[in-house]
**Q** 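Attaching a single structure in structure tokens format; questions to follow.
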Amino acid sequence: MPGTWADWPDTVTGTASQTQLHSRPTRPSYVPPHLRNRTAPETENYLVPSSNEGSNSNSLGGFPLKHSGSREIGLRGGGAGGGDRRRAPREPPNPFDVSDQLSEMGVSEENCDDGGINFDTYEDIPVEVSGSDVPPAVNSFQEIDLGDALNQNIRRCKYVKPTPVQRYAIPISIAGRDLMACAQTGSGKTAAFCFPIIAGIMKSRLGVQWPQRGGRIAYPVALILSPTRELSCQIHEEAKKFSYQTGVKVAVAYGGAPIQRQMRDLEKGVDILVATPGRLVDLAERSKVSLQMIKYLALDEADRMLDMGFEPQIRKIVEQMDMPQPGIRQTMLFSATFPNEIQRLASDFLSNYIFLTVGRVGSSTDLIAQRVEFVQEMDKRKHLMDLLYTERANGTNGKQVLTLVFVETKRGADSLENWLCMNGFSATAIHGDRTQPEREQALRSFKNGVTPIMVATDVASRGLDIPHVAHVVNFDLPKDIDDYVHRIGRTGRAGKTGLATAFFSEGNQPLAKALAELMQEANQEVPSWLSQYAERSSYGGGRSRRSGGSGRFGGYDYRRDGFSSGGNSYYNSDAGGGSGSSSFTSTPYPSFNVQASSYGNGLESIVASGWD
DNA sequence: AAAAAAT
């Protein structure tokens, strides 16, 4: 990779730089068919927003000079994003290119996932905060001093006003507080933890000499962990947008991809590292990265990160490497679901944290219509095919809408994909036994509609933001109701509506009760046969209240149950009120405030008021 | 029991 090239507006006009331009072995001239033959006036819209001194002369060979990344138009690039020639000196590629072009092309938010947040549906989202000295929520991004560069990026992302989780989470983390937050990815969660991190990094550098770059070991100040490679990739893409031209460097590290490139990126210096656990540990053991400068730690899909499979790895990273202690670093945990058990584990990583829960935007609310059908195991394929045919018939121009089909096993995913293809459906599959390039290819061709059906294991159940998934089919229901919640959350994103269909078979009996309750909470019609199944399983046990659940919220601060004893200084540090920690049981403790959106103070009023 | 995550 050449290290120096000029800003491209100059490049196109200057002869010398023309040469330079051609000397680079890029693929500038490929433009996807649907973008060809555009007329000249539109070319100015291709400019980088901040370096747009150029004019209409910025076209080459009849159509706009576009970076090679344009081959990815309509896709959310699989991480790489290399080969971009249209950059300001020493600046990373402009991450806004794709979406800007799309919107300028008159392509609605169809393929642009920054655009279409339907804010109307956010208006009445219930929010609940608990903890001591909770900073007040804000109503606009302007109320917080995020800095000019970041504000510009927020504008470029077309974020007009903060989503509920952002209104609360951003002030909390700007204030330096630890946070446990229940909210879905589609609710603007990534921005909620990225903005304060980026703003904080920039602020800490005011008037300070920039840290030395290019050392052999990378010392990121922020670490964002997620449970799947694709999710890390997605967060990285988002974080790059938010940090564009802020001087804040973002890098990503995950398995399945060549490590060399990731190591090179780290050597170039990194402020925010987005990673999956395994690869991070690997890099740390190779002494490519040290965590001793970490000031911000964010765990996305935190409940998965702390479940049985992942917990040891997370503990190793957070507690047994060189990461600063809680209280010194700032820790933020995010997930759509937070079982008590997990909250208890997570509190090891936190210091005097605030618990925030945002009513679901999407999953298990009106935005997702949930159906459950009784289907014998052997009839499932036939049943799925009927659904898909109906979909195709009802869809516009007989087009298949994006349909995500969840199955239990990797083998099952492959065989169902195969079967669908044999029966004339364009399907792909994603699961952990496929190679990383295969996984990324599957996701791409699903997102852009080439294969509008994707069969997936739970690798795709969490956090992935795939715009326009119209239908989630639980071909095999998961064992855990929280997984169901995450899965159906792949549709009804960003305030849009979606459909979730579950195939319930004999074997799903243990899930019946939780499923029926969940659907009831979401005002969905519960078939009477399901209620009967639920009754039958009720004496057997099983969690009656999901996640210690409080209705439409994703979670409930387990500290308020008064179960947690002494150890946590949090409860005992208060001067007023009861003298012993035992007094903190049912009555609200003076330092432990619970606030619920704009609806008075008591939780009771919220739960009772019903959010419909 | 399954899935994910390092090579």
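Values reported hereafter were calculated over all heavy atoms of this structure, with side chains retained and with hydrogens, waters and symmetry mates removed.
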**Q** Under 4.0 Å between a side-chain N/O of A/Ser461 and OP1 or OP2 of B/dA3, yes or no?
**A** no
**Q** How are the rings of A/Phe334 and A/Phe193 set relative to one another: parallel (under 30°), tilted (30 to 60°) or perpendicular (over 60°)?
**A** tilted
**Q** A/Asp480 CG to B/dA2 C1': how many Å, rounded?
**A** 12 Å
**Q** I would like to know whether A/Tyr484 and A/Phe406 meet ring pair (Phe, Tyr, Trp, His ring centres under 6.0 Å); could you show each step before the answer?
**A** CA-CA 10 Å; A/Tyr484 174 84; A/Phe406 282 104; 9.9 Å; no
**Q** Grab the CD1-P distance between A/Ile317 and B/dA5 for me, whole Å please.
**A** 13 Å
**Q** Please work out if A/Glu408 contacts a base, only the sugar-phosphate, or nothing of the nucleic acid, heavy-atom cut-off 4.0 Å.
**A** sugar-phosphate
**Q** Kindly point out which of B/dA4, B/dA6, B/dA2 is positioned nearest to the side chain of A/His431?
**A** B/dA4
**Q** So what does A/Arg229 hit on the nucleic acid, given a heavy-atom distance under 4.0 Å: a base, only sugar-phosphate, or nothing?
**A** sugar-phosphate
**Q** In whole Å, I'd like the distance from the CD atom of A/Gln262 to the C1' atom of B/dA6.
**A** 11 Å
**Q** Atom CD of A/Gln509 and atom P of B/dA1: how far apart are they, to the nearest Å?
**A** 19 Å
**Q** For the pair made of CZ in A/Arg434 and P in B/dA4, what is the distance, rounded to whole Å?
**A** 12 Å
**Q** Could you please name the option among B/dA4, B/dA2, B/dA6 that lies closest to any side-chain atom of A/Thr228?
**A** B/dA4
**Q** To the nearest angstrom, how far is A/Met263 atom CE from B/dA6 atom C1'?
**A** 13 Å
**Q** Write down the distance between CG (A/Asp300) and P (B/dA5), rounded to a whole number of angstrom.
**A** 15 Å
**Q** What nucleic acid atoms does A/Gly432 come within less than 4.0 Å of, heavy atoms only: base, sugar-phosphate, or nothing?
**A** sugar-phosphate
**Q** Of the candidate nucleotides B/dA1, B/dA4, B/dA2, which contains the atom at the shortest distance from the side chain of A/Phe310?
**A** B/dA4
**Q** Pick out which of A/Thr403, A/Thr501, A/Thr491 makes a side-chain hydrogen bond (donor to acceptor under 3.5 Å, both in side chains) with A/His471.
**A** A/Thr501
**Q** Establish, with yes or no, whether the OP1 or OP2 oxygen of B/dA4 is under 4.0 angstrom from a side-chain nitrogen or oxygen of A/Lys410.
**A** yes
**Q** Over all strands shown, is A/Arg439 touching base, sugar-phosphate only, or nothing at heavy-atom distances under 4.0 angstrom?
**A** sugar-phosphate
**Q** What is the distance, rounded to the nearest whole Å, between atom CE of A/Met308 and atom C1' of B/dA1?
**A** 10 Å
**Q** Relative to each other, are the rings of A/Phe374 and A/Trp529 parallel, tilted or perpendicular (30° and 60° limits)?
**A** perpendicular
**Q** Answer yes or no: is there an ion pair linking A/Asp458 with A/Arg487, defined by an N-O contact shorter than 4.0 Å?
**A** yes
